[in-house]
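Below: one structure, written as structure tokens.
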Protein chains: 2
Amino acid sequence: MFEKVDKHSGIPAYIQVIDIIKKEILLGNLKSEDQLPPVRELQDIFDVNVNTILKALERLQSEGIVEARHGVGYFVKSSQSPKTEVIKILDETVQKLKIMGIDLHTAILIMEEVWKNDSKT
Amino acid sequence: MFEKVDKHSGIPAYIQVIDIIKKEILLGNLKSEDQLPPVRELQDIFDVNVNTILKALERLQSEGIVEARHGVGYFVKSSQSPKTEVIKILDETVQKLKIMGIDLHTAILIMEEVWKNDSKT
DNA sequence: TATTGTGTTATAGTTATATAGAACACTATA
DNA sequence: TATAGTGTTCTATATAACTATAACACAATA
């Protein structure tokens with residue numbers, strides 16, 4: 001279910017863990033009220049230390065995305081729902097970009113810039 | 001011309017510098033054969049140490065994006081050109097996403113996932 | 001109550017990232 | 001040749017990120 005953490009990317013592991021869990025929720029693979037795997041399992045899944053997992057979960061909790069229940073587990077908060085419409089729009093865009101031979105990282109850099117400069121906010 | 005480095009984002013400064021310079025080239029603000037500002041100026045512009053600038057430029061060089069000329073300066077390699085068509089496509093997409101109330105980071109996470117799963121590669 | 005499964009906290013050590021400051025090397029030009 | 005502007009290398013130090021390991025705290029249940 002979860003992708004791996006790339007230890008040589010230069011991006012801190014805890015940030016990668018945050019983003020991977022967010023993705024699963026956005027895609028609907030983790031739904032409202034779902035329980036996450038126990039921290040010791042997440043440790044094995046991502047091949048990082050418990051403290052790194054906790055740092056990620058702490059951040060996700062402070063963003064209101066998950067909720068900790070001591071002695072029970074971590075749960076996806078009920079406000080979270082999959083972004084099916086966004087997925088559809090981006091799917092069409094990605095197909096066009098791939099035909100043009102653009103790579104993902106370049107596409108992201110350009111999108112960040114377009115996002116910032118677009119006046120229709 | 002250049003945006004700032006965010007020292008509290010958790011993303012290493014040298015990676016941010018790499019991406020900011022890449023953006024300027026993709027947008028056409030830095031063109032083929034253009035000379036970059038001297039490393040000591042880049043140090044002031046980004047408010048980071050020379051060594052951090054050098055680490056970024058080293059990486060950009062190994063990716064074939066810029067070229068170092070000892071005693072002269074850093075130059076954008078001739079193979080680089082602005083991605084105007086990509087900008088146009090992403091501009092339309094971004095407008096739709098903004099209307100839907102999506103934030104940039106969420107859009108990027110979903111795009112990464114769609115990119116990976118799309119079979120039309 | 002005792003046990004198991006869960007989250008939580010703490011300590012100590014390692015590595016990567018970033019800084020400051022200085023010195024050195026190459027190029028262009030007066 | 002001398003100088004100014006550029007890139008390059010080095011050392012020492014500080015901080016953030018990550019690891020390993022252990023112990024502690026809470027909840028559910030036999």
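Predicted model only: the values in this text are computed from it and were never measured. Below, read A as the first sequence line, B as the second, and so on, with proteins coming before strands; counting in each chain starts at 1.
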Between [X] and [N], does any side-chain N or O lie under 4.0 Å from OP1 or OP2?
{"X": "Y14(B)", "N": "dT19(C)", "result": "no"}
{"X": "K55(B)", "N": "dT17(C)", "result": "yes"}
{"X": "T52(B)", "N": "dT19(C)", "result": "yes"}

After noting the C-alpha distance and the side-chain angles of K116(B) and E113(B), does the key distance pass the salt bridge (Lys or Arg N to Asp or Glu O under 4.0 Å) rule?
CA-CA 5 Å; K116(B) 198 169 46 188; E113(B) 200 60 25; 3.2 Å; yes
Specify the separation, in whole Å, of atom [atom1] of [X] and atom [atom2] of [N].
{"X": "R59(B)", "N": "dA18(C)", "atom1": "CZ", "atom2": "P", "value": "11 Å"}
{"X": "H70(B)", "N": "dT9(D)", "atom1": "NE2", "atom2": "P", "value": "8 Å"}
{"X": "Q35(B)", "N": "dT27(C)", "atom1": "CD", "atom2": "C1'", "value": "12 Å"}
{"X": "E58(B)", "N": "dA18(C)", "atom1": "CD", "atom2": "P", "value": "14 Å"}
{"X": "L42(B)", "N": "dG5(D)", "atom1": "CG", "atom2": "C1'", "value": "14 Å"}
{"X": "F46(A)", "N": "dC18(D)", "atom1": "CZ", "atom2": "C1'", "value": "16 Å"}
{"X": "Q43(A)", "N": "dG5(C)", "atom1": "CD", "atom2": "C1'", "value": "15 Å"}
{"X": "Y74(A)", "N": "dT6(C)", "atom1": "OH", "atom2": "P", "value": "14 Å"}

Does L54(B) or V48(A) map to a spot on DNA chain D nearer the 5' end, using the closest nucleotide for each?
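Looking at the nearest nucleotide for each, L54(B) comes out on the 5' side.
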Identify which nucleotide among [options] has an atom closest to any side-chain atom of [X], counting heavy atoms from C-beta outward.
{"X": "R40(B)", "options": "dA23(C), dA17(D), dA18(C)", "value": "dA23(C)"}
{"X": "N49(A)", "options": "dT19(D), dT27(C), dG7(D)", "value": "dT19(D)"}
{"X": "K7(A)", "options": "dT19(D), dG7(C), dT6(D)", "value": "dT19(D)"}

K96(B) side chain vs T93(B) backbone, donor-acceptor pair below 3.5 Å:
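It does not hold such a pair.
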Nearest-nucleotide 5' precedence on DNA chain C, N51(A) against N51(B):
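The residue mapped nearer the 5' terminus is N51(A).
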Toward the 5' end of DNA chain C, by each residue's nearest nucleotide, G10(A) or V39(A):
V39(A)
Any chance the side chains of D103(B) and T106(B) put a donor and an acceptor closer than 3.5 Å?
yes
Kindly give the heavy-atom pair with the smallest separation between E33(A) and F75(A), and that separation in Å.
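Smallest interatomic distance, heavy atoms only, reads O-CD2, 3.5 Å.
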Knowing that exactly one of L60(A), I21(A), D34(A), I65(A) qualifies, which makes a side-chain contact (heavy atoms from CB on, under 4.5 Å) with V76(A)?
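Single side-chain contact (heavy atoms from CB on, under 4.5 Å) partner of V76(A) among L60(A), I21(A), D34(A), I65(A): D34(A).
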Contact class for L57(B) vs. all strands (heavy atom < 4.0 Å): base, sugar-phosphate, or nothing?
nothing
Classify the nucleic acid contact of R69(A) as base, sugar-phosphate or nothing, counting any heavy atom under 4.0 Å across all strands shown.
sugar-phosphate
